[in-house]
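Remarks on the structure that follows.
So you know, we letter chains A, B, ... as the sequences are listed, proteins then strands, and number each from 1.
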Number of protein chains: 2
Amino acid sequence: MGRWEPNARGRLEQAALDLYVERGFEQTTTAEIARRAGLTERTFFRHFADKREVLFGGHSALREFIVSAVASSPDSATPIDSVIGALETVGALFLVRREYSRQRQAVIDANDELRERELIKLASLASTIADVLRGRGVGDLPASLAAEAGIAVFKVAFERWISDAGDADLSRLIRESFEELKAVTAGG
Amino acid sequence: MGRWEPNARGRLEQAALDLYVERGFEQTTTAEIARRAGLTERTFFRHFADKREVLFGGHSALREFIVSAVASSPDSATPIDSVIGALETVGALFLVRREYSRQRQAVIDANDELRERELIKLASLASTIADVLRGRGVGDLPASLAAEAGIAVFKVAFERWISDAGDADLSRLIRESFEELKAVTAGG
DNA sequence: GTGGTTGATGTCAGCTGCTGTCATCACTGT
DNA sequence: ACAGTGATGACAGCAGCTGACATCAACCAC
């Protein structure tokens, strides 16, 4: 048996989410999170860069998944189809996390600082996707726009998915939103 | 003559920008900004919600301008054309502020916290634009997508404008980027 | 003009997020 | 055994930000 209880990081994540749900993000101190996880405040900051980051641990895995999905899409695919296709694939992964996603998103939506962090994660993701597209020979401007447009579609679809009372399929919402974007930009 | 020097807010903005440029955002304390402006730290926080917000004072005017431009676009215009048209118009206003914009953007780009703040301002703007479109009878989904797509175009165009060595016209870059978005989404 | 009100600022105390630094001590390999 | 490693604890301290109260010129009512 180790000197300490295992999975300190996971305990901190759980304690933080619980407290953020119970009493809100701002009303929760880092010392409280650490105490509930059976650790000290200093240790909290060894595992997470700041009080917000504890909610965004899953983002790096998501990023890697999307990057490899875009990179491995067929050469015949247009840039935007590569991006939307990758996002549809990743959308399927959210199926089983619906309730967790809702809870987490409610916490984020209730606080501006957390919304800021979420937006920069998405912007950084768009930037990475654009880089991958450029690596596939896509021009600078279309790469940026395909990536930004894809993330815009994802944002809209995700919001619909979270607020949908039923059990809509995120992948399908992404596809529908993309078709709507096509319709919206096609005019003129 | 007043009891205090006039334009305290403006002095704080100038002092903050100067210090951020001179030694970087993180290396500047709010006390230093206040001191350089001839005021106290407490007064700084009476004028600005936080250390970042001092760089985003012009955003509310920009927002109002864009909102009224979208609202007053002809009924015959499609949603995306209303948005792009409004952004083109606002783009013309940046003509005379090129050097200031570059300086300010360099400060923002050098710091993640400032980039977060900028992104939430743009996201909030997109949300407001979508609301205006809905008020004009546009459906929920197309309103969100036209607004998000418009902001995506603006982001890409603004970045090109800032990094362009010459003196490109922001309005023209917005138009070009929009045409490129059309081309990118038109496939399939 | 006397007196009350207002509004921008100053002063001060204090909490919280976050960091640097050093100590601790189970575990690991030799 | 014994030294090294790595996760954690303990403690001090800075900077961002807030609440509460004081100050005092300008303005207004009379």
Side-chain angles (χ1 to χ4, degrees), chain A residues 1-57 107-108 110-118 120-121, chain B residues 1-57 107-108 110-118 120-121:
Chain A
M1 179 189 137
R3 180 178 177 187
W4 302 282
E5 295 298 311
N7 194 24
R9 186 186 175 91
R11 272 150 51 214
L12 286 166
E13 279 176 351
Q14 189 63 53
L17 181 59
D18 290 349
L19 284 167
Y20 293 169
V21 168
E22 281 175 26
R23 68 179 77 162
F25 176 78
E26 286 178 28
Q27 285 66 45
T28 302
T29 69
T30 53
E32 284 171 333
I33 298 169
R35 185 157 11 100
R36 181 172 292 205
L39 295 163
T40 64
E41 190 183 12
R42 192 65 188 86
T43 297
F44 175 91
F45 285 106
R46 286 202 179 89
H47 285 275
F48 302 99
D50 59 53
K51 189 185 165 187
R52 292 177 278 168
E53 196 64 17
V54 65
L55 284 175
F56 296 90
V107 170
I108 292 173
N111 183 272
D112 280 346
E113 287 181 65
L114 291 172
R115 299 209 309 125
E116 289 184 337
R117 178 57 51 87
E118 180 171 51
I120 206 170
K121 294 282 182 185
Chain B
M1 181 188 138
R3 180 179 177 188
W4 302 280
E5 295 299 311
N7 195 24
R9 186 187 175 92
R11 271 151 51 216
L12 286 167
E13 280 175 351
Q14 190 62 53
L17 181 59
D18 289 349
L19 285 167
Y20 293 169
V21 167
E22 282 175 27
R23 67 179 78 161
F25 175 78
E26 287 178 26
Q27 285 65 45
T28 303
T29 69
T30 53
E32 285 171 332
I33 298 169
R35 183 156 16 97
R36 180 172 293 205
L39 296 164
T40 63
E41 190 182 11
R42 191 68 185 85
T43 297
F44 175 90
F45 286 105
R46 287 203 179 90
H47 286 275
F48 302 98
D50 58 54
K51 190 185 165 187
R52 292 177 279 168
E53 195 65 16
V54 66
L55 284 176
F56 296 91
V107 171
I108 292 173
N111 183 271
D112 280 346
E113 287 181 66
L114 291 172
R115 299 207 312 123
E116 288 185 336
R117 177 58 50 87
E118 180 171 51
I120 206 170
K121 294 281 182 187

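- Screening residues 28-39 of chain B for salt bridge (Lys or Arg N to Asp or Glu O under 4.0 Å) gives B/E22-B/R36, B/R23-B/E32 as the qualifying pairs, with residues at least two apart or on separate chains.
- Checked options A/D112, A/N111, A/D50; the residue passing with A/R117 is A/D50 (criterion: side-chain hydrogen bond (donor to acceptor under 3.5 Å, both in side chains)).
- Across residues 21-35 of chain A, A/T28, A/T29, A/T30 each have a non-hydrogen atom less than 4.0 Å from an atom of DNA chain C (numbered order).
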Taking N or O atoms only and anything under 3.5 Å, show me the protein contacts with nucleotides 7-11 of chain C, one pair per line.
unit_1: C/dT9; atom_1: OP2; unit_2: B/H47; atom_2: NE2; d: 2.7
unit_1: C/dG10; atom_1: OP2; unit_2: B/T40; atom_2: N; d: 3.0
unit_1: C/dG10; atom_1: OP2; unit_2: B/T40; atom_2: OG1; d: 2.8
unit_1: C/dG10; atom_1: OP2; unit_2: B/T43; atom_2: OG1; d: 2.6
unit_1: C/dG10; atom_1: N7; unit_2: B/R46; atom_2: NH1; d: 3.3
unit_1: C/dG10; atom_1: O6; unit_2: B/R46; atom_2: NH2; d: 2.5

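- When the shell of 6.0 Å around CZ of A/R115 is examined, it contains 12 or fewer heavy atoms from other residues, nucleotides or ligands.
- Taking atom CZ of A/F45 as the reference point, atom P of C/dT16 lies 13 Å away to the nearest angstrom.
- The two atoms that bring A/L12 and A/A34 nearest to each other are CD2-CA, 4.1 Å, heavy atoms only.
- When the P atom of D/dA7 is taken as reference, atom CG of A/N7 falls 14 Å away, rounded to whole Å.
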Report the C-alpha distance between A/K51 and A/E113 in whole Å, list the side-chain angles of each, state the deciding distance to 0.1 Å, and finish with yes or no for side chain to side chain contact (heavy atoms under 4.5 Å, CB included).
-> CA-CA 10 Å; A/K51 189 185 165 187; A/E113 287 181 65; over 6 Å; no
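- Across the protein-nucleic acid pair, A/Y20 atom OH and C/dG17 atom C1' stand 11 Å apart, rounded to whole Å.
- A heavy-atom distance below 4.5 Å is not found between the side chains of A/W4 and A/L39.
- Atom-to-atom, CG of B/L19 to P of D/dA15 comes out at 14 Å; the value is rounded to the nearest Å.
- Straight-line distance from the CZ atom of A/F44 to the C1' atom of C/dG20: 18 Å, rounded to whole Å.
- For the pair A/K51 NZ and C/dC18 P, the computed distance is 8 Å after rounding to whole Å.
- Inter-residue side-chain proximity for B/V54 and B/Y20 is flagged as met; some heavy-atom pair is nearer than 4.5 Å.
- A salt bridge links B/E53 to B/K121: at least one charged side-chain nitrogen sits closer than 4.0 Å to a carboxylate oxygen.
- Following rounding to the nearest Å, A/E113 (CD) and C/dT16 (C1') show an atom-to-atom distance of 12 Å.
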